[in-house]
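Worksheet for the structure shown next.
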Amino acid sequence: MAPYRIVEHTADAGIHVTGGTLEELFADAARGMMSVICEVPPEGWPETHVVELSAPDAESLIVDWLAELLYLLEVKNFFTTDPRVEKVEGGAMRSVVGGARLRGVVHATEIKAVTHHMISVDRTLNGFETTIYFDL
Amino acid sequence: MPDWTKCFDSVSDYKIKIPRTCFEGMRVPGIIYAGPELLDDLKSDDAPQQVANVATLPGIVEYSLAMPDIHYGYGFPIGGVAAMSVEEGVISPGGVGFDINCGVRLLASAIEAGDARAKADELATKLFRDVPTGVGSTSDIRLRGGDMDKVLQRGAAWAARNGMGWDEDLEYCESGGALEDADPGEVGRRARERGANQLGTLGAGNHFIEVQEVEEIFDDRAARAFGLEKGMAAVMIHSGSRGLGHQVCDDAIRTMREAVVRYGYELPDRQLACAPVESPEGRAYYAGMCAAANFAWANRQCLAHTVRGTMERVFGASAERLGLRLVYDVAHNIAKFEEHEVGGKKRRLCVHRKGATRAFAAGHPELARRHAGVGQPVIVPGDMGSASYVMAGTPQAMAETWGSVCHGAGRVKSRTSAKKEFNAATVLEELAAHGVTVRAGSKKSLLEEAPGAYKNVDHVVNTCVNAGLATIVARLRPIVVIKG
């Protein structure tokens with residue numbers, strides 16, 4: 001099964017993500033979100049950013065993680081392509097995020113924000129799953 | 001998805017009630033305004049659940065309301081309106097949305113629609129060139145020193161006083177284009193970073209600029225008061241508070257998701273995170289939200305200035321000569337303190353409008369002098385292929401919906417299914433057949449916003465009128481559409 005798929009939403013869009021571990025879940029959620037913005041990653045100068053976050057629970061943490069990548073896109077023009085999530089544990093995470101610094105304007109889908117709408121990170125037989133909606 | 005129709009209790013042909021007994025925890029009933037032609041869309045959407053969810057919020061007064069353009073959102077439904085008790089109620093960033101003070105501004109003109117049509121290609125190309133759109137776009141407006149704080153405090157007035165507008169523009173903005181309770185200190189570093197280069201940018205998604213024709217006038221007196229004349233061109237601008245507003249909401253939800261635990265609220269959706277209106281968290285959010293709303297008013301003021309400049313160059317006359325006067329600027333994602341009558345007594349309430357427009361009736365003290373006798377202009381954009389409307393608020397809207405009405409056509413198809421179902425060439429052909437010239441950043445954005453993705457705006461407007469919430473003043477038809 002693909003690690004993420006786009007979920008229909010009347011006004012916006014979401015992704016359903018699965019992962020064997022929380023680290024995989026977080027990395028695939030990042031890939032899923034970036035695919036909503038732009039199906040083919042735009043070109044740019046290679047760059048990496050380190051992201052370290054903590055939050056009260058897994059749901060808040062995954063929303064904050066994706067929101068961080070949106071911030072990097074909007075303020076640093078950094079488009080995530082390779083989110084290497086090293087550790088998600090005890091309400092904290094660390095990732096070395098690979099990607100590209102964009103050279104100009106990209107006519108892509110603008111995600112305004114990552115919502116907390118009906119979010120739940122659930123355990124499954126094979127690991128974890130969640131559905132995350134974006135405000136477009 | 002539960003069968004909400006089993007809960008629907010028809011109050012009239014245009015009004016449906018969801019009784020409190022329908023969903024556990026509802027403190028008040030839900031009311032959805034929907035005419036017979038909108039019912040099928042309503043039944044196939046899960047938005048009524050969100051109306052019920054909002055009805056569970058502490059301190060909600062009388063009803064959880066939804067306008068006829070209701071569709072599934074996050075937290076509140078789009079089209080949701082809820083008034084909260086100031087003393088016992090909550091304020092929720094999810095009841096305003098991420099795009100704080102997303103709204104619409106309409107400029108009238110003395111340009112014959114035929115002349116605008118004759119220059120449609122040039123207008124489309126030059127507007128698309130002059131107005132920054134798309135992800136990562138920035139404007140030429142540079143905020144220096146304390147400029148950002150001034151924008152956050154003064155809103156549209158900051159732009160107008162810095163050469164980007166006319167003094168009279170401010171009179172025709174809801175709340176004069178600035179909320180005085182704004183506190184720039186409640187707008188964090190990240191929000192400022194996101195907004196730093198975005199003043200005067202359109203954004204993407206459903207944001208647009210349209211040059212339109214005033215096709216039909218339905219109420220001569222109100223049209224005169226609004227400055228609209230049949231056969232003339234008009235310009236509609238739809239945008240909001242850009243990344244700054246999105247971040248203010250994001251930051252507030254982070255604070256409030258912890259406050260929810262502290263205040264012991266049990267919420268059906270985390271996106272409804274909230275805090276008491278009068279709590280430190282509630283007051284901080286409101287002050288920051290007001291500042292973000294002011295940024296949005298400044299943004300639409302800057303966009304209007306760019307549009308006036310483009311029109312001047314295309315038509316070879318000054319904006320004053322072209323009569324590019326502001327008809328009105330309305331917010332449709334906002335929370336405001338307003339006085340309304342509850343059980344025969346005036347009460348100060350915190351009214352949340354999420355995808356809904358304020359629609360105050362004639363005589364309301366907040367209206368511009370010019371509108372005092374006819375009611376507040378309400379701008380209702382339709383899809384890019386059909387029509388938009390200008391309406392006026394009524395006393396019934398004051399009595400039933402806290403002076404609120406719809407904000408647009410309302411989506412009926414998801415972006416994913418719109419992309420699957422429609423074809424860019426066909427959409428462009430159909431728009432051209434309707435006399436509409438489009439410039440969009442990508443095929444994807446064109447398809448996502450294709451006319452077929454929206455409800456029929458006529459049905460939405462008819463419901464408002466038949467329910468007595470507004471009167472129709474004018475219908476406008478698109479000539480040129482610019483999308484991010």
Side-chain angles (χ1 to χ4, degrees), chain A residues 5-15 34-40 42 44 53-57 59-61 63-64 66-68 70-79 101-121 131-136, chain B residues 41 45-47 50 71-75 77-78 94 97-99 102 132-138 190 193-194 196-198 203-207 240 242-243 245-247 249-250 253-254 257-258 261 268-273 355 410-417 440-442 444-445 448 484:
Chain A
R5 65 180 162 81
I6 307 291
V7 179
E8 304 240 347
H9 181 286
T10 317
D12 299 300
I15 47 169
M34 300 320 284
S35 81
V36 170
I37 297 170
C38 207
E39 280 151 26
V40 182
L53 298 166
S54 60
D57 51 44
E59 285 82 3
S60 299
L61 191 59
V63 170
D64 291 358
L66 298 180
E68 187 71 19
L70 280 188
Y71 165 80
L72 289 173
L73 176 61
E74 200 164 305
V75 175
K76 313 278 186 202
N77 284 323
F78 173 77
F79 190 96
R101 179 183 281 271
L102 301 181
R103 288 173 182 151
V105 175
V106 179
H107 283 286
T109 300
E110 184 178 57
I111 295 183
K112 290 176 183 168
V114 185
T115 80
H116 290 72
H117 176 53
M118 304 308 280
I119 190 153
S120 175
V121 173
T131 302
I132 303 161
Y133 292 96
F134 307 112
D135 183 13
L136 302 185
Chain B
D41 289 340
D45 199 51
D46 218 7
Q50 296 184 321
H71 58 274
Y72 197 57
Y74 41 89
I78 311 298
F98 287 96
D99 198 356
C102 186
T133 63
V135 174
S137 64
T138 56
R190 288 199 157 194
E193 280 179 337
R194 287 179 74 172
N197 296 319
Q198 292 186 331
N206 60 357
H207 293 163
R242 313 290 294 111
H246 312 161
Q247 190 68 45
C249 179
D250 214 39
I253 291 179
R254 255 173 243 198
R257 71 189 178 195
E258 285 160 36
V261 178
D269 181 355
R270 283 186 183 223
Q271 191 65 29
L272 291 171
R411 285 192 80 94
V412 71
K413 275 191 202 312
S414 74
R415 289 163 200 267
T416 318
S417 51
S442 65
K444 191 176 165 191
S445 71
E448 286 178 356

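Sequence lines set the chain letters: A, B, ... in the order given, protein chains first and strands last, and positions in each chain run from 1. Basis for what follows: all heavy atoms, side chains included, without hydrogens, waters or symmetry-related copies.
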Q) Can you tell me how far the NZ atom of A/K76 sits from the CD atom of B/E193, to the nearest 0.5 Å? A) 5.5 Å

**Q.** B/K444, part contacting chain A, at a heavy-atom distance under 4.5 Å
**A.** side chain

Q. Heavy-atom distance under 4.5 Å to chain A: side chain of B/P268, backbone, both or neither?
A. backbone

Q: Fit a plane to each ring of B/Y72 and A/H117, take the angle between them on a 0 to 90° scale, and name the class: parallel (under 30°), tilted (30 to 60°) or perpendicular (over 60°).
A: perpendicular

**Q.** Contact origin within A/L73 toward chain B - heavy atom pairs under 4.5 Å
**A.** side chain

Q: With a 4.5 angstrom heavy-atom cut-off, could you sort out which part of B/S137 is near chain A: side chain, backbone, both or neither?
A: both

Q. Measuring from A/T115:OG1 to B/R270:CZ, what's the distance to the nearest 0.5 Å?
A. 11.5 Å

**Q.** Residue part contacting chain B, namely of A/L102, when any heavy atom lies under 4.5 Å
**A.** neither

Q | Among B/H71, B/H207, B/R254, B/Q247, residue most engaged with chain A (heavy-atom pairs, under 4.5 Å) | A | B/R254

Q: Could you tell me which of A/A55, A/S120, A/S60, A/A67 has the largest number of non-hydrogen atom pairs under 4.5 Å with chain B?
A: A/S60

Q) Do you know which of B/N206, B/D99, B/V412, B/N197 has the most heavy-atom pairs with chain A at a distance under 4.5 angstrom? A) B/D99

Q | Step-by-step side-chain contact (heavy atoms from CB on, under 4.5 Å) determination, B/E448 to A/T109 | A | CA-CA 10 Å; B/E448 286 178 356; A/T109 300; 3.7 Å; yes

Q.
If I measure from the heavy atoms of chain A, does B/T138 come under 4.5 Å with its side chain, its backbone, both, or neither?
A. neither

(Q) At a 4.5 Å cut-off on heavy atoms, which part of A/A13 comes close to chain B: side chain, backbone, both, or neither? (A) neither

Q. Of all residues at least two apart in sequence or in a different chain, which pass the side-chain hydrogen bond (donor to acceptor under 3.5 Å, both in side chains) check with A/H116?
A. B/R257

Q: Heavy atoms only: give me the nearest B/A204-A/A108 pair and the separation to one decimal.
A: CB-O, 4.4 Å

Q | Among the listed options B/G441, B/G94, B/A440, B/A47, the residue most often paired with chain A at heavy-atom distances under 4.5 Å | A | B/G441

Q. Would you say A/E8's side chain and B/S414's backbone share a donor-acceptor pair under 3.5 angstrom?
A. no

Q: To the nearest 0.5 Å, tell me how far B/D45 CG sits from A/T10 OG1.
A: 4.0 Å

Q. Looking at CZ of A/R5 and OG1 of B/T416, how far apart are the two atoms once the value is rounded to the nearest 0.5 Å?
A. 11.5 Å

Q: Of all the heavy-atom pairs spanning B/F98 and A/V114, show the shortest one and how long it is.
A: CZ-O, 3.6 Å

Q. For chain A, which of B/V261, B/D250, B/L272, B/I253 has the most heavy-atom pairs under 4.5 Å?
A. B/I253

Q. Excluding sequence neighbours, so at least two apart, what forms side-chain contact (heavy atoms from CB on, under 4.5 Å) with B/Q198?
A. A/E74, B/T201, B/R242

Q: Go through the atoms of A/D12 and report whether side chain, backbone, both or neither lie under 4.5 Å from a heavy atom of chain B.
A: both

